[in-house]
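Working notes, structure below.
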Amino acid sequence: MIALIDCNNFYVSCERVFQPVLIGRPLIVLSNNDGCAISRSNEAKDLGIKMGNAHFMIKDLIQQHNVQIRSSNYALYGDMSQRVMQVIKSFVPKTEVYSIDEIFCDLSELEAYNDLTALGIQIREAVKKYTGIPVTVGIAPTKVLAKMSNKYAKKLTAEIGVHCADTQDLIDCLLRFTPVGDIWGIGSEIEKLLLAKGFKTAADLVNAPEEWVRKTLTVKGQRLLNELKGISSMLFTDERPAKRNIATMRSFGTLLSAKKDIQHALAAHMATCAAKLRKEGTCARKLQVSIETNNYRTQDKQLSHSIVIDLPVATNSTPELIRYAMKALDMIFKEGHNFKKTGVVALDLVPQPNVQMGLFDTVKRSREKKLMKAVDNINVSFRKDTVRYSVQGYSDKWKLQQQHLSNPYTTRFDQLREVS
DNA sequence: TCTGGGGTCCTAGGACCC
DNA sequence: TCTGGGGTCCTAGGACCC
């Protein structure tokens, strides 16, 4: 049996832990740049605010119902996530962290617990007690069914917060309850296709001819069908696989058209991305640089360009990568556009010790490695960008809008809460 | 007039996830 | 005025090989 445990309205719940006055009130957390709603309290959901609704389009609703707003505070959410996961891991040895607010648990070795619902309740109470975050537990024989069971618990057994589908009858009930579009792995495109063919719920899909599923939904559909039938077809991986790509991209706080401004932003993103590479212990063999205009602005000339360049020697050195990023930007930049976003993706990653040196390479790599280490140490000990490259500039033009940011309560000493 | 049949590797783009 | 930022996996099709 597998459990999927996820945090309820995670970002909203994190804000509420440190500002209890927000409990019981409609609250939303906005995406970067305060663009759109990405986490909603139940009260906000009841007002009709949808995932991804643009902030400026729901301003009336917000004012009318005094909806509370927070900018996203990833330092806080990341740290709270680790605490939640740590509590759960103390109950279950074999787990797989799936996202910032979700974790799969392999319960097959926990035979001591013949009552898995009771275990779920116990975990839920512990997480709440030690972190203040409410979670929901869905239990079933496969990952896809566990996801389904979790959704079921949210809708039908919210007070308990746990649902365990451990008999065929209960699984059949889950399947009948779940619309095809709510199945994990079925997005809007495939949902359309399935509805057109008359499949309304997971129970309809589970009886679909295998041949047809294989042909129209390819191997992913085939695996999904197996999982629905209770046959595990998705790997359970204890350890996090090495990342294949590392990306850093951001919208600007305002539209920019001068190349210089975009160079500043791109250099800053490249520096952030390079630091992520070093933290991961990998080097990039390829670099993708992209620029985009705002495609919601129909009055603007649109441009969305990206280019991938090969690096002669795989690297994670900030100055070297910035040089290549600037060169790539030269190749794709065009005057006369209002740009909204730029970013980089480090591709084709290799573990640092496996980097193949170049025969004609002139970069002093061991010296640069030491320098990067010193820079990282300073920027971790003090604050991001304490040491940085001048090409990042000093302008704030491209910086994010974050008008409703809460404090990083758990990651900065000067922000620790006092308890009296 | 008329031009094969295997392979591999890589990339772009789509679909999905949170 | 104003619409996020990461990721993964899969397939089709092109380029290339003999």
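Order of the sequence lines sets the chain letters (A, B, ...), proteins ahead of strands, with each chain counted from 1.
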Assert: residue with more 5' nearest nucleotide on DNA chain C, out of A:K243 and A:L255, is A:L255
C1' gap between B:dG4 and C:dC16, integer Å | 16 Å
Output field dot_bracket for DNA chain B (Watson-Crick or G-U, both distances under 3.5 Å, | for other-strand pairs) contains ....||||||||||||||
Whether the A:N150 and A:T136 side chains hold a donor-acceptor pair (N or O, under 3.5 Å, no angle test) is what I'd like checked. no
Cut-off 3.5 Å, side chains only: do A:Q302 and A:T293 have a donor facing an acceptor? yes
Salt bridge (charged side-chain N to carboxylate O under 4.0 Å, His left out) filter on A:K45, not counting sequence neighbours, yields none
task: Give one of base, sugar-phosphate or nothing for A:K276, where a contact means two heavy atoms less than 4.0 Å apart.
output: sugar-phosphate
Result for side chain to side chain contact (heavy atoms under 4.5 Å, CB included) between A:I103 and one of A:I88, A:V84, A:L4 points to A:I88
For a quick check of understanding: with a heavy-atom distance under 4.0 Å over all strands, which category does A:N53 fall into, base, sugar-phosphate or nothing? nothing
With sequence neighbours left out, the residues meeting salt bridge (charged side-chain N to carboxylate O under 4.0 Å, His left out) with A:K341 are none
By nearest-nucleotide position on DNA chain C, the 5'-leaning member of A:G52 and A:R223 is A:G52
First and last nt of DNA chain C near chain A, cut-off under 4.0 Å to heavy atoms, 5' to 3', are C:dT1 to C:dT11
Residue pairs passing the salt bridge (Lys or Arg N to Asp or Glu O under 4.0 Å) test with at least one member in residues 247-262 of chain A, sequence neighbours excluded, are A:K259-A:D330, A:D261-A:K397
| query | Is A:S72 touching bases, backbone alone, or none of the nucleic acid, heavy atoms closer than 4.0 Å? | reply | nothing
For this session: Would you indicate what A:I100 reaches in the nucleic acid, counting non-hydrogen atoms under 4.0 angstrom: base, sugar-phosphate, or nothing?
Result: nothing
Over all strands shown, is A:N294 touching base, sugar-phosphate only, or nothing at heavy-atom distances under 4.0 angstrom?
sugar-phosphate
Side chain to side chain donor-acceptor pair (under 3.5 Å) filter on A:T410, not counting sequence neighbours, yields A:D79
inquiry  = Does A:L224 reach a base, just sugar-phosphate, or nothing at all? Heavy atoms under 4.0 Å.
reply    = nothing
Exercise for review: Describe the nucleic acid contact of A:V308 in one word from base, sugar-phosphate, nothing, applying a heavy-atom distance below 4.0 Å.
Suggested key: nothing
What's A:I246 touching, base or sugar-phosphate or nothing? Going by heavy atoms closer than 4.0 Å. sugar-phosphate
Just to be sure I understand the rule, does A:Q401 reach a base, reach only the sugar-phosphate, or reach nothing, if contact means heavy atoms closer than 4.0 Å? nothing
| task | I would like to know whether A:I309 and A:M331 meet side-chain contact (heavy atoms from CB on, under 4.5 Å); could you show each step before the answer? | result | CA-CA 10 Å; A:I309 54 173; A:M331 295 189 247; 3.8 Å; yes
Query raised in the report: Once the angle between the rings of A:Y74 and A:Y77 is folded into 0 to 90°, is it parallel (under 30°), tilted (30 to 60°) or perpendicular (over 60°)?
Result: perpendicular
- Message: Over all strands shown, is A:R240 touching base, sugar-phosphate only, or nothing at heavy-atom distances under 4.0 angstrom?
- Response: nothing
Contact class for A:T248 vs. all strands (heavy atom < 4.0 Å): base, sugar-phosphate, or nothing?
sugar-phosphate
